[in-house]
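Below, chain A is the first sequence line, B the second, and so on; all start at residue 1. Because the structure is predicted, anything quoted here is derived from the model rather than measured.
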Amino acid sequence: MNSPIRRISAGCLLLCIALLINATYVQAFWADDLNARSENRRVLLDEYSRERGPILLADDTPVAQSVPVDDEYQFLRQYPGEAIYAPLTGYYSYTFGRTALERAQNDILSGDDDRLFVRRLIDLVTGEEPRGGAVRLTIDPAAQQAAWDGLTDEGFKGAVVAIDVQTGAILAMVSTPSYDPNPMASHSFEVQQETRDALAADPDKPDLNRAIAQRLPPGSVFKLVTAAAALESGEFEPDTEVPGPADYDLPQSTRPLPNQNGEACLDGTPTLTEALRISCNTAFAYLGNELGDDALREQAEKFGFGTQPLTNDDMNAATSIFPPDPDEPQTALSAIGQFDVQATPLQMAMVSAAIANDGVLMEPYLVREVSGPDLVSPIERTEPEERTRAVSPETAEELTQMMVDVVENGTGENARIDGIEVAGKTGTAQSSPERPPYAWFTSFAPADEPSVAVAVVIEDAPDTARDDIGGGRLAAPIARAVMQAVLGS
Amino acid sequence: MSLDRARARSEAPAVEAVAPRRGRGTELILLIFAIGIATFAYVSVDLGALGRVPPNALAYLGGLSVATAIAHVVIRIRAPYADPVILPIVVTLCGLGLAMIHRIDLARGTTHATTQLTWMAVGVALFVAVLIVVRDHRVLSRLPYLAGLGGLLLLVLPLLPVIGHSIRGARIWINVGPMTFQPGEAAKIILIIAFAAYLVQTRDALALAGRRFLGVDLPRARDLGPILLVWVGALGILVVQNDLGPSVLLFGIFVLMIYVATERISWIILGLLLILAGGFAANAVVSHVAERVDYWMDPFIDPTGQVAQSLYGLAYGGLLGTGLGQGRPDLTPIAESDFIGSALGEELGLTGLIAIILLYALLASRGLRAGLLLRDPFGKLLAAGLAAGFFLQVFIVLGGVTRLIPLTGLTTPFLSLGGSSLVMNWVLVALLIRLSDAARRPTPPSSSPSPLTDTAVTQVVRIR
């Protein structure tokens, strides 16, 4: 009977090998597929049951945090800042993924980042539940609130960006209308789905971060770039007289470019300073053609056009554009921020910030530091970094004085702050006859020792007559409130 | 038989008598390792799930040590030549099973581990009783027909009114006072004994060749009775009790044993054909079976189904596992019983699952080895039947939860929650210990030859 027993032993060995091969196939080769299946509850539970790290403001107020709850998912993601901070935090939804900082900083927040490796190792040994690290933002809650109140009090659709000019740290970033990210993190699939459908159906696109993701024609605020190019060329001084007729004869075209009020600027030959103060279109169109599109583009790029801002924070920011190959009339239009010139509010804040900072543009950033789960030990702190030298210190000083003049004596008077010198520039950009113009304002303060630069855009002002829409009237007061909030704190 | 081999055989006892290796010291060292693994697993579960050492860790260690020590001492007295690897494997498996049951208790708020521990004590008690009562395995061969009848009776017991009891659609339980018991687990062992005894008596007739077909000697038609009877019985269990696992297992064991007894491959072929025929019939008639096959072909027709959840668990564990207490085996249905292999695969990973499969294979190989070494045909058959049947059960259940084969409801020996299974597997191991003791015991002096010892004699007279 020994030979059948031997054969049966061999048979058992074959069965054993089949079990081993199959188990290896399932657990080693098929596992990734199985773990990626959408109905696999283990992965979902795992995501939720780990304590995700918080996103904190500059004063450590949480705007995203995980709180323990008494269901099987263990932790619920909450956004105490609701709509005010939604464009920054984004949402964390199992079904619909992550957006904004929840996406960009996911490795730190979830605890998967390599920099947390040692911590994970310690947790593994001590049996501690792994937790995510914290992300601290540069956002100043007072500035953020001031910007939010300024936009929402009148029901404006728009955006505000405030930058610390010396470091590039973003102090406020607001986009309206916004949305509440809390239901997107709900543990109920139905609630997630309904919220998402409502967001997708809303024509106002509340989940669009207008501060960085939407490009608009900058209009007259772009005259700062043209003025900078003029001064940098060496052929113009702030008191150089330039032609400012009622109509500028566009080259190669029979259609003239008029001033907004149809009149000549002052006596028809304003100085550069005067042209900026009253935002003289014909004078800047003339400058554009005198300098040429290459000079304008070069200057725009030194301020950050044509490259991604926020490269450090991966927030899907849009790149601002100066058109690649305009003809002469197009160049004249581009010089006053029309035609194909497009900029984000962040970009226009960067222009002001560079002028304020002696001509040096700092790299803008949102994340001040990331730390381990104990929230105390920083594992990486963002060091301020020079991005470009946009203009010489002399040009910066001259531009500053011209911008102060805009606020003191010109279109920007609504931005004045008692006891503090403010530099600014208004803009009212037409995009098409069918829709109201965009109201812009960009500024910085204090002018003698600048600390904060602000850009405001109002895309839609529902209760304002079309003719009353203007950067000075609508946007400047909001910029002032934000600057006051920063300087007051 | 050649003259040389005959000489070698007659000289062998004298050599062994000089230095008989019993292996009891080896067994003791391995047992200490086994208890260590079991206790470490138990403590790991609490550390992983609750972050604390279980308060009853020392009591657990003590209880396990006492039970193991009793088993070891009884082996020393009653089966001193037994294979030293068997008991340590059993203790390791029991310890891993207890740890996982305790882990699922923590997740679900049940207290199954305590029950299982109690049953383990009963199992050890029966283990001891078998080793004391059955001093020579050959006594088991005396009443084949009575044993067969007893086994069948146990099988149909759950069908009786009052005491019979249905759980999850399978009517295989009986109520004994406050407890439920699966008599099929006991029937399995008794029937293996009955098969062995019956086949030893009739194997010469069964081995006689009938017609030769496609190069295979088919058995004579009149000898087909027993295999057909078992086949019908197995199908009966399937249809009446609605339980696929035991019917496949029982029939499979019978076919293997008939093959060992007759040395004719035709019985295996015949058995496979009957399994296929029964399988097709069952697939067509019994909805329960067709459903299992559907889930095997595509486990994700219901992503919340048992097989899909089991696969998710295994995948989640990956190569190294989540760590004891740190996975979600409670998401897998019946993870404390049929799917405990998947639960262990999740928390111990592929590494742990491979180790468990190899432990089973090692245990089965030790039983088969005893079968090779034994000199009496009944012992050889019994050892082969018990060991191969044991591994067949492991293959069917683990193959089912890892989607190698369609899922059939069976317990995973020593791991699964369930008193009847645990107790009867301890009895099975007691029999293997007894058989391995007989196999490794030095042969008595050749002056008193036993008529049952020499299988070679049978081989010589057989006409092929």
For chain A, which of [options] has the most heavy-atom pairs under 4.5 Å?
options	answer
B:A315, B:G323, B:G345	B:A315
B:G349, B:G327, B:G317	B:G349
B:A308, B:A388, B:G313	B:G313

Less than 4.5 Å to any heavy atom of chain A: does that hold for the side chain of [X], its backbone, both, or neither?
X	answer
B:Y316	both
B:T402	both
B:R403	both
B:L319	both
B:A361	side chain
B:S342	neither
B:L373	neither

* Asked: Which pair of heavy atoms, one from B:L368 and one from A:C12, lies closest together, and at what distance?
  ->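 So the minimum-distance heavy-atom pair works out to CD1-SG, 4.3 Å.
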* To do: Give the minimum heavy-atom separation between A:M1 and A:P4, together with the two atoms involved.
  =>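 Scanning both residues, the minimum pair turns out to be O-CD, 3.2 Å.
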* To do: Answer yes if the ring centres of A:Y25 and A:W30 are under 6.0 angstrom apart, and no otherwise.
  => yes
* Asked: Do A:R368 and A:T382 meet the criterion of a side-chain donor-acceptor pair at a distance under 3.5 Å?
  ->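 Result is no, nothing qualifies.
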* Inspect the contact between B:D330 and B:R328 and indicate whether a charged nitrogen and a carboxylate oxygen are less than 4.0 angstrom apart. =>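 Here B:R328 pairs with B:D330 in a salt bridge, since their nearest N and O are under 4.0 Å apart.
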* Asked: What do the steps show when you test B:H137 against B:F378 for side chain to side chain contact (heavy atoms under 4.5 Å, CB included), and what is the final call?
  -> CA-CA 9 Å; B:H137 62 271; B:F378 171 73; 4.0 Å; yes
* Run the ring pair (Phe, Tyr, Trp, His ring centres under 6.0 Å) check on B:Y360 and B:F390 step by step: do they pass? -> CA-CA 9 Å; B:Y360 280 124; B:F390 177 83; 5.7 Å; yes
* In terms of heavy-atom pairs under 4.5 Å with chain B, which of A:D32, A:L20, A:I21, A:D33 leads? ->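 Greatest number of close heavy-atom pairs with chain B: A:L20.
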* **Heavy-atom side-chain contact between B:L348 and B:L353 under 4.5 Å** => no
